[in-house]
Amino acid sequence: SFFLITGYIQACRGLMISAVCLGFFGAVFGLVGMKCTKVGGSDQTKAKVACLAGLIFILSGLCSMTSCSLYANRITSEFFDPSFVAQKYELGAALFIGWAGASLCIIGGIIFCFSIAENSNSPRRGYAYNGATSVMSSRTKVHNSVPDKTPPKHFDKNAYV
């Protein structure tokens, strides 16, 4: 009878194991989908992989949130039931940590999903280099009364590496 576990605990256990496994695969897809990694192909492919990672993180957070809420519902219903005579439990720190972790997982997944929209809609802009603005460089700078007609120089992201 020691190994006999009630159904709701088995369901909570299964949901938590699913959440951990989904979180692992979400982290792997998230690493592949980042712009700074060399695996994963083009930027469009990486954006799709990052969105997939976000969806997996949201699903992981929902599994964890469901598990914690199911267990908390059982605890509170037993606690306030006057006919329940066995040992009564209270909500503990593990449930609150589970809810907080599930919330962070869902929020992180939403951020991953919005990263694909940011990547496709806004192309990168180059910025003009206007020179140093320190006090020493402004003293040595030659100020012409005739404005310079040369276009500003645009530097790419590889110019500083």
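Nothing here was measured: the structure is a model prediction, and the numbers come from that model.
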- prompt: In terms of hydrophobic clustering (I, L, V, M, F, W, Y; side-chain heavy atoms under 4.5 Å; direct or indirect links), are L52 and V39 co-clustered?
  reply: yes
statement: Tightest non-hydrogen contact, residues C51 and C113, listed as O-SG, 3.8 Å
- prompt: Would you say Y71 and L95 make side-chain contact, with heavy atoms under 4.5 Å?
  reply: yes
message: Measuring only between side-chain heavy atoms, which start at C-beta, is I17 closer than 4.5 Å to V20?
response: no
- prompt: Got a second to check how far S18's OG is from R13's CZ, nearest 0.5 Å?
  reply: 12.5 Å
message: Are S60 and F25 packed together at the side-chain level, in the sense that at least one heavy-atom pair is separated by less than 4.5 angstrom?
response: no
query: How many angstroms lie between CD1 in I106 and CD1 in I111, if you round to the nearest 0.5 Å?
result: 12.5 Å
message: Nearest 0.5 Å, please: how far is CD1 in I9 from OG1 in T6?
response: 4.0 Å
message: Please report the interatomic distance CZ(F57) to CZ(F29), rounded to the nearest 0.5 Å.
response: 11.0 Å
query: Are the side chain of K48 and the backbone of G33 linked by a donor-acceptor contact shorter than 3.5 Å?
result: no
message: Within the 4.5 Å heavy-atom criterion, are L55 and F112 side-chain neighbours or not?
response: no
- prompt: Would you say the side chain of S103 lies within less than 4.5 Å of the side chain of M65, judging by non-hydrogen atoms?
  reply: yes
- prompt: For the residue pair Y89 and I75, what are the closest heavy atoms and their distance?
  reply: O-CG2, 3.3 Å
field: Side-chain (S69) to main-chain (T66) donor-acceptor, under 3.5 angstrom
entry: no
field: Considering all heavy atoms, the nearest L15-S67 contact
entry: CB-CB, 3.7 Å
query: Any side-chain heavy-atom pair from I58 and I110 closer than 4.5 angstrom?
result: yes
- prompt: Measuring from L104:CG to S64:OG, what's the distance to the nearest 0.5 Å?
  reply: 10.5 Å
- prompt: Y8 and L70: which non-hydrogen atoms are nearest, and at how many Å?
  reply: O-CD2, 4.2 Å
task: Output the distance between atom SG (C21) and atom CE (M16), rounded to the nearest 0.5 Å.
output: 12.5 Å
task: Kindly give the heavy-atom pair with the smallest separation between S77 and R74, and that separation in Å.
output: OG-O, 3.0 Å
field: Closest contact, heavy atoms only, F79 versus E90
entry: CE1-CG, 4.1 Å
task: Using atom types as modelled and distance alone, determine if a side-chain donor or acceptor of K35 lies under 3.5 Å from a backbone N or O of K46.
output: no
